[in-house]
Participant: 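Let me give you the structure first, and then I'll get to my questions.
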2 protein chains.
Amino acid sequence: MKSPKSATKSIAAAAKASGAKVTLGMVAEACGVSPSTVSRILNGTAVVSQEKRDAVDRAIAELGFVPNPIARGLAGGRTLSAGVVTQAIDSPFYGVALRGIEEELSQVGYSPLFVSGHWNAKEEQRCIDVLRSRRVDGIIVLTGRLSDEALRKLAKEQPVVVTGRSIKAPGLYSLDFNDFEGARLATHHLLSLGHRQIAFIAGDPVHPDAQERLRGYRAALEAAGVRYKASLVLPGKFHEESGLMAVERLIDSREPFTAIFAANDQMAFGASLALYRRGLRVPEDVSLVGFDDLAGAAHSVPPLTTIHQAAHELGRLAAQSLLQMLAGQKPTAVLPEPRLIVRSSARPLQP
Amino acid sequence: MKSPKSATKSIAAAAKASGAKVTLGMVAEACGVSPSTVSRILNGTAVVSQEKRDAVDRAIAELGFVPNPIARGLAGGRTLSAGVVTQAIDSPFYGVALRGIEEELSQVGYSPLFVSGHWNAKEEQRCIDVLRSRRVDGIIVLTGRLSDEALRKLAKEQPVVVTGRSIKAPGLYSLDFNDFEGARLATHHLLSLGHRQIAFIAGDPVHPDAQERLRGYRAALEAAGVRYKASLVLPGKFHEESGLMAVERLIDSREPFTAIFAANDQMAFGASLALYRRGLRVPEDVSLVGFDDLAGAAHSVPPLTTIHQAAHELGRLAAQSLLQMLAGQKPTAVLPEPRLIVRSSARPLQP
DNA sequence: TTGTAAGCGTTATCAT
DNA sequence: ATGATAACGCTTACAA
């Protein structure tokens, strides 16, 4: 019982036996150095002699020491956690992005703190407050309703990455989708298949993406010399039920159509069901194109032709960008362009 | 500038102007009481005179003070956060449960900390370590692979709620699904519709739920006097693709069948697609029943008859139970029994 | 009922 | 290169 090693061992044994948490101080004591030294080794804050470094590393391993992020946070340093404002934790679209964020963050020891704003600026603000009070090192906002102004203000306190809009400010990085191009692509696909009477199920116009997608639809029509008809544009709310009702209204209106472009997959699913109920087959009677390429789109009946949005990539890039800002670098990531995924729900117009 | 109120106001103004965080100490100072008094009011730890209580409340409101959970946690008390071990943050089934947890927790000021174990005991253990290092007040484990033993050990440190199994231990509360009954219900439904050749797409047998659902299928068959045929049972992996492949194999095997019961909705969707590809219609040629009642089941084509699992309720109850344990009470919540949801994917066997 | 003071586990700022 | 020592913002004995 004379070597430092066995001393460490006995402390380890004691710690384990008592079930007590091992602290940085205990590690320091175990190898006869000051807490500061241990801290420096942990954080690489300063140069420490190889000798002590080894001793500390060993003690950490033997004691099973895990730094306490809570204390770290209090002491003014990092909390190693990033706040993520999403709209609903169970969103089929953003869920994939959350996974991407989690993957990227956990690789470097960061933990995401997810909070849901439910498409409501007030709730989002509350989310932000929760995150701030928890002292997150940075915040990712997935396409919220918060004003650009609020975001800019927030970015003065800590790094912020926001998706779904383009906005430049110090400490703020934005990752924008090209909704316009995606919608243009989808509409163009239907047009190239010979369709001319293409209904559009729009998203809630309070979402900028909904407006952009409508713009893309109109642009494609115009480019093809097809007249825009307001009666072919149905309001929707981005969920299945609204897609279903939109198609019911459309059919009831007796406005002729041969294809439908829904501003997202969920509404496309609803539209598909409405058509089925009315005895209309997809794609034999009506062609259908969605937007988002949700996980379920590939296995719906029929598999849905849609616009792929790189949600997983979005999450990864958002996290990477935040990490870069935290490291004092300037992020440069750009979202991949939307791609048309041709499956089986749209086909050439039969003469 | 003589009344206490205006003094408070000026401090508030200063705080806002400087953008500095308002601390409990500042609140105390602003109304001339000690920090402990403010703390006591905040936590209801002791009786405080109405007079001071009012003053402090006002100061809190005026200064916009928000307690710092980090410091709270360090100070030995609660962190007001609960760890949630899920399998994948974007799981269509558990996502709904996560939402339930979040709702319930946030109502009382708790924040969930979500970590994903990816159906892997080792990763789950790492998740647990992360949660412990973050000093969560309690942990919810959604149907993981962790051994009962590991859970019991964990429960000695802090309250634990686990779903998907039945296990009794101090500090541990379990919320179990009745998978057996659900599967029995589904199979019985098909049986009562006149089907006798009912294929079963099983889940991965390493999941206890998969085994239970197989048991339920067999029990229903037996009760109806229908002989169990191993060739009608196809292995699956709980995801769409495996359901699709199972049906392809089934059809190729030339084993006659008139109905399919899939051990979860995702496999049912895959099965549906396989049938579609082979020119078999649901429900005209083959009846199909799923399990889980995912969000998409109601809007699939045709809408899927399935067993409703109360995922959202599961989340809420798990959170409530944890909160009760945290409050020193004994939880009593029990999951609702599975229910058959009749939609359009199964119909009477045509003679 | 209220205040004082000692932590909680870490990092940061000085010295040395 | 290393070690005291003071924060960080709050809770909680212990006093009064």
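Each chain gets a letter, A, B and so on, in the order the sequences are listed, and its residues count up from 1.
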Participant: So does A/Thr37 get a side-chain nitrogen or oxygen closer than 4.0 Å to the phosphate oxygens (OP1/OP2) of D/dG3?
Facilitator: yes
Participant: Could you give the CZ-to-C1' distance, from B/Arg134 to C/dC8, as a whole number of Å?
Facilitator: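 The answer, rounded to whole Å, is 17 Å.
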Participant: What integer distance in Å separates B/Gln50:CD from C/dT2:C1'?
Facilitator: 16 Å
Participant: Report the distance from atom CD1 of A/Ile41 to atom P of C/dT11, rounded to the nearest whole Å.
Facilitator: 12 Å
Participant: From the set D/dG3, C/dT1, C/dT2, return the single nucleotide nearest to any side-chain atom of B/Val47.
Facilitator: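 Among the listed nucleotides, the one closest to the side chain of B/Val47 is C/dT1.
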Participant: If you measure only the distance, is there a donor-acceptor pair under 3.5 Å linking the side chains of A/Glu124 and A/His118?
Facilitator: no
Participant: Between B/Glu149 and B/Lys153, does at least one N-O distance fall below 4.0 Å, as a salt bridge requires?
Facilitator: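 The answer is no: the pair does not qualify as a salt bridge.
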Participant: After noting the C-alpha distance and the side-chain angles of A/Tyr173 and A/Val160, does the key distance pass the side chain to side chain contact (heavy atoms under 4.5 Å, CB included) rule?
Facilitator: CA-CA 6 Å; A/Tyr173 189 70; A/Val160 174; over 6 Å; no
Participant: Using atom CD of B/Glu51 as one end and atom P of C/dT1 as the other, report the distance to the nearest whole Å.
Facilitator: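 Atom-to-atom, B/Glu51 to C/dT1, this comes out as 13 Å.
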Participant: So if I define the base as every atom that isn't primed, P, OP1 or OP2, how would nucleotides 5-16 of chain D read as a B/S/- string at a heavy-atom cutoff under 4.0 Å?
Facilitator: ---BBBSBB---
Participant: Pair B/Asp176, B/Arg165 - check salt bridge (charged side-chain N to carboxylate O under 4.0 Å, His left out), show working.
Facilitator: CA-CA 5 Å; B/Asp176 202 6; B/Arg165 57 181 114 182; over 6 Å; no
Participant: Quick one: pull up OG in A/Ser34 and NZ in A/Lys52 and give me the separation to the nearest 0.5 Å.
Facilitator: 8.0 Å
Participant: Any heavy-atom pair between the side chains of A/Met325 and A/Pro331 that's under 4.5 Å?
Facilitator: yes
